Amino acid sequence: MKKLSNSPEGHQFSPRKPNFSLQQALASDWYDGNAFRTAFENAFSMLFPLGERSFIESVKYFEKQINDPSLLNEMKQFYGQESVHRKEHQNYNELLCQLRGYNMESLLDAQKKRYDWAKNTLPPKRRLAGTVAAEHLTAILADDLLRNKDHFTNSGTHVAKLWYWHALEETEHKAVAFDVYAAVCGSLKIRRRALLFATHFIMRDVLRSTVLMLKKDGQLWKIRTWVDAVNFLFIKPGILRRAFIPWLQFLRKDFHPWKKDNRDVISEWENSIPIKN
Ligand SMILES: [Fe+2]
Ligand SMILES: [Fe+2]
């Protein structure tokens, strides 16, 4: 039987059962007291419940074509982890909208339409390629969050802990959708195009929600907000600037998520995030 999983030897993971108390922090600008950073990160959270549902569905569709027990086991752990992420972010988003008066329906409008379109019209292999690309984006941002100590410097809250936990599990399962895609399709052209589309739509959704949230908060037209935005995205820490080279690597013909073996961040964080098991 052909081995389809390309995870490092002995790499194992399974869903944790976290326990976060988000109520108090979500009511405030929990991300270092900074309105832009808080709205940007909250906008990201809005994408996960539906996004991760789509990830699970797109991978599960091909389950019958996979006969490598180790990849099948990784797929099972991937569904488990993404399901808990969905649940925690749903809770996060509901609380956030309640506490800050955001309209969840209008925040999710564009994403919901695209989800329905992808589910009903996109060929399953292209939908899976979209998941592979989106998982690459989350893996890049997760590595940056875990590796660099310049995030959440003044945010000792449960919200920050939730993001660390999510980043940890995204790192663990970063190659699952990729290995399934390699087994059932593998087209480089489709994978490259998927990265361009996924990047465009994810950034568009996040920026749109960020603007809607800042508008509701009365922060949209302040110069400070946009100076902070340029700083955060491009200068210090410059999360988009730092993501650019890893983003490009996905376009290489011989790319695989574990070519960058970053299990060091998993073991470093594993015991330092207070998550109840
Ligand atoms: Fe996730
Ligand atoms: Fe994921």
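Counting starts at 1 for both ligands and their atoms, in listed order. Because the structure is predicted, anything quoted here is derived from the model rather than measured.
Computed with the Fe ion (ligand 2) at the centre, the Glu170 OE2 to Glu135 OE1 angle is 150°, stated to 10 degrees. The NE2 atom of His166, the Fe ion (ligand 1) and the OE2 atom of Glu52 define an angle of 100° (nearest 10 degrees).
With Tyr102 as reference, Asp217 is the one residue of Asn93, Asp217, Asn42 to meet the side-chain hydrogen bond (donor to acceptor under 3.5 Å, both in side chains) rule. Test Asp143, Ile140, Leu137, Asp144 against Pro246 for side chain to side chain contact (heavy atoms under 4.5 Å, CB included) and you get one pass: Ile140.
Two rings, from Tyr31 and Phe232, have their centers less than 6.0 Å apart. Proximity of the aromatic rings of Tyr164 and His151 is defined here by a centroid distance below 6.0 angstrom, and this criterion is not met. Between Phe178 and His136, the ring center distance fails the sub-6.0 Å criterion.
Using a cut-off of 2.8 Å, one finds that His85 contributes an N/O/S atom close to the Fe ion (ligand 1). At least one N/O/S atom of Glu82, from backbone or side chain, sits under 2.8 Å from the Fe ion (ligand 2). Here Glu169 does not reach the Fe ion (ligand 1): none of its N/O/S atoms is less than 2.8 Å from the metal.
No other N/O/S atom of His173 lies as close to the Fe ion (ligand 2) as NE2 does.
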